[in-house]
S.K.: 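Please see the structure below; I have some questions.
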Amino acid sequence: IVGQDLGDSNFINNNFAGNKKDFTSLPKNMCEFISETNLKKLYPDAKKILFDGGETFNIKNCRFLVYVGDNEYDYLSGAIFATKDDLAEGENWKETWELKKKMSKSSSYIAGLGKAAVWIAKKRELSIKMDGYMITISVPGSPFNKEELAKKRDYKKIAIEIANNSGLF
């Protein structure tokens with residue numbers, strides 16, 4: 001990042017009309033925003049899907065497991081988190097999000113979600129800036145499982161689909 005100029009604002013969603021839900025109205029169990037039916041379409045080889053809502057961490061979240069085999073340990077783990085974003089408010093949020101994108105070579109901006117959205121392919125993670133908070137979606141996958149890699153899933157497309165079907169944007 002050293003030596004790079006800041007000031008790119010092409011990633012800002014100028015059509016953002018405000019949050020559909022304020023941070024305080026979001027439940028601790030965020031599983032209501034993840035559709036099991038949608039996950040089964042995105043992972044057609046899923047044997048079952050389990051949800052762990054809000055009990056895993058002390059934040060607003062939902063962890064979901066996509067079982068792709070009969071073994072109890074043969075699953076892909078994903079999550080959705082909502083975190084307060086006090087640091088990146090006011091005019092500073094633009095610079096913060098520009099830096100967020102530039103910190104990873106595998107990142108790209110995603111149009112039309114929240115105030116701004118950044119996809120980090122290496123982490124299979126979509127971060128979406130809202131007014132006062134951030135939604136992060138970690139897509140189920142495995143960077144080391146050869147069988148999973150052979151399926152060549154489009155994790156970016158899956159993340160956008162999960163976000164679009166959540167009802168939050």
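Note that the structure is predicted; figures quoted are calculated from it, not measured.
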S.K.: Check whether Y67 forms a cation-pi arrangement with K47 (NZ or CZ under 6.0 Å from the six-membered ring centre, at most 45° off the ring normal).
M.R.: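 Output no; distance or angle outside limits.
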S.K.: Between Y43 (side chain only) and P140 (backbone N and O only), is there a donor and an acceptor less than 3.5 Å apart?
M.R.: yes
S.K.: What closest approach, in Å, do L126 and A163 show between heavy atoms, and which atom pair accounts for it?
M.R.: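 Looking at all heavy atoms of both residues, the shortest contact is CD2-CB, 4.1 Å.
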S.K.: Nearest 0.5 angstrom please: M134 CE to K115 NZ, how far?
M.R.: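 Between M134 CE and K115 NZ, I get 13.5 Å after rounding to 0.5 Å.
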S.K.: Is N13 reaching over with its side chain to a backbone N or O of G114, donor-acceptor style, under 3.5 angstrom?
M.R.: yes
S.K.: Could you tell me whether E36 and K40 make a salt bridge, using a distance below 4.0 angstrom between a side-chain N and a carboxylate O?
M.R.: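 Result for this pair is yes, salt bridge flagged.
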S.K.: Side chains of L113 and W119: closer than 4.5 Å at any heavy-atom pair?
M.R.: no
S.K.: For the residue pair K101 and F11, establish whether any side-chain heavy-atom pair is separated by less than 4.5 Å.
M.R.: no
S.K.: Hey, any chance I137 and I34 share a hydrophobic cluster, counting ILVMFWY side chains that come within less than 4.5 Å of each other, even indirectly?
M.R.: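 Yes, same cluster.
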S.K.: For S104, is there any backbone N or O sitting under 3.5 Å from a side-chain donor or acceptor partner on K122?
M.R.: no
S.K.: Hey, any chance Y75 and Y155 share a hydrophobic cluster, counting ILVMFWY side chains that come within less than 4.5 Å of each other, even indirectly?
M.R.: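 Not linked; separate clusters.
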S.K.: Give every donor-acceptor pair under 3.5 Å between a side-chain atom in residues 14-23 and any protein atom, sequence neighbours left out.
M.R.:
unit_1 : atom_1 : unit_2 : atom_2 : d
N19    : OD1    : D131   : N      : 2.9
N19    : ND2    : D131   : O      : 2.8
K20    : NZ     : F169   : O      : 3.0

S.K.: Does atom CD of E32 have more than 12 heavy-atom neighbours, drawn from other residues, nucleotides or ligands, at distances under 6.0 Å?
M.R.: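 Atom CD in E32 is packed in, count exceeds 12.
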S.K.: To the nearest 0.5 Å, what is the distance between CZ on R124 and CD1 on I158?
M.R.: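 Atom-to-atom, R124:CZ and I158:CD1 are 10.0 Å apart.
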S.K.: Which heavy atom of S127 sits nearest a heavy atom of W97, and at what distance?
M.R.: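 What the structure gives for the nearest pair is O-CZ3, 3.4 Å.
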S.K.: Between CG of L76 and OG of S138, what distance do you get to the nearest 0.5 Å?
M.R.: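 Between L76 CG and S138 OG, I get 13.0 Å after rounding to 0.5 Å.
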S.K.: To the nearest 0.5 Å, tell me how far N38 CG sits from L42 CG.
M.R.: 4.5 Å
S.K.: For L149 and S142, which heavy atoms make the closest approach, and how far apart are they?
M.R.: CD2-O, 3.7 Å
S.K.: What are the two closest non-hydrogen atoms of K156 and S108, and how far apart are they?
M.R.: NZ-OG, 3.4 Å
S.K.: Taking everything shown except K151 itself, do over 12 heavy atoms lie less than 6.0 Å from its NZ?
M.R.: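 Buried by this count: over 12 neighbours within 6.0 Å.
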S.K.: Nearest heavy-atom pair of L26 and A82: which atoms, and what distance?
M.R.: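 L26 and A82 have their closest heavy atoms at CD1-CB, 3.7 Å.
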S.K.: Is a side-chain donor or acceptor of N61 paired with a backbone partner of I59 at a separation under 3.5 angstrom?
M.R.: yes
S.K.: Check the pair E98 / Y109 against side chain to side chain contact (heavy atoms under 4.5 Å, CB included), numbers first and verdict last.
M.R.: CA-CA 9 Å; E98 187 178 358; Y109 294 124; 3.9 Å; yes
S.K.: For residues N29 and G53, report the shortest heavy-atom separation together with the two atoms involved.
M.R.: OD1-CA, 3.3 Å
S.K.: Do I135 and M30 come close enough that some side-chain heavy atom pair is under 4.5 Å?
M.R.: yes
S.K.: Without swapping roles, check the side chain of N165 against the backbone of E161 for a donor-acceptor pair under 3.5 Å.
M.R.: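 Yes; at least one donor-acceptor contact below 3.5 Å.
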S.K.: Quick one: pull up CZ in F51 and CZ in R63 and give me the separation to the nearest 0.5 Å.
M.R.: 12.5 Å
S.K.: Rounded at 0.5 Å granularity, tell me how far CD1 in I128 sits from OH in Y133.
M.R.: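 These two atoms lie 10.0 Å from each other.
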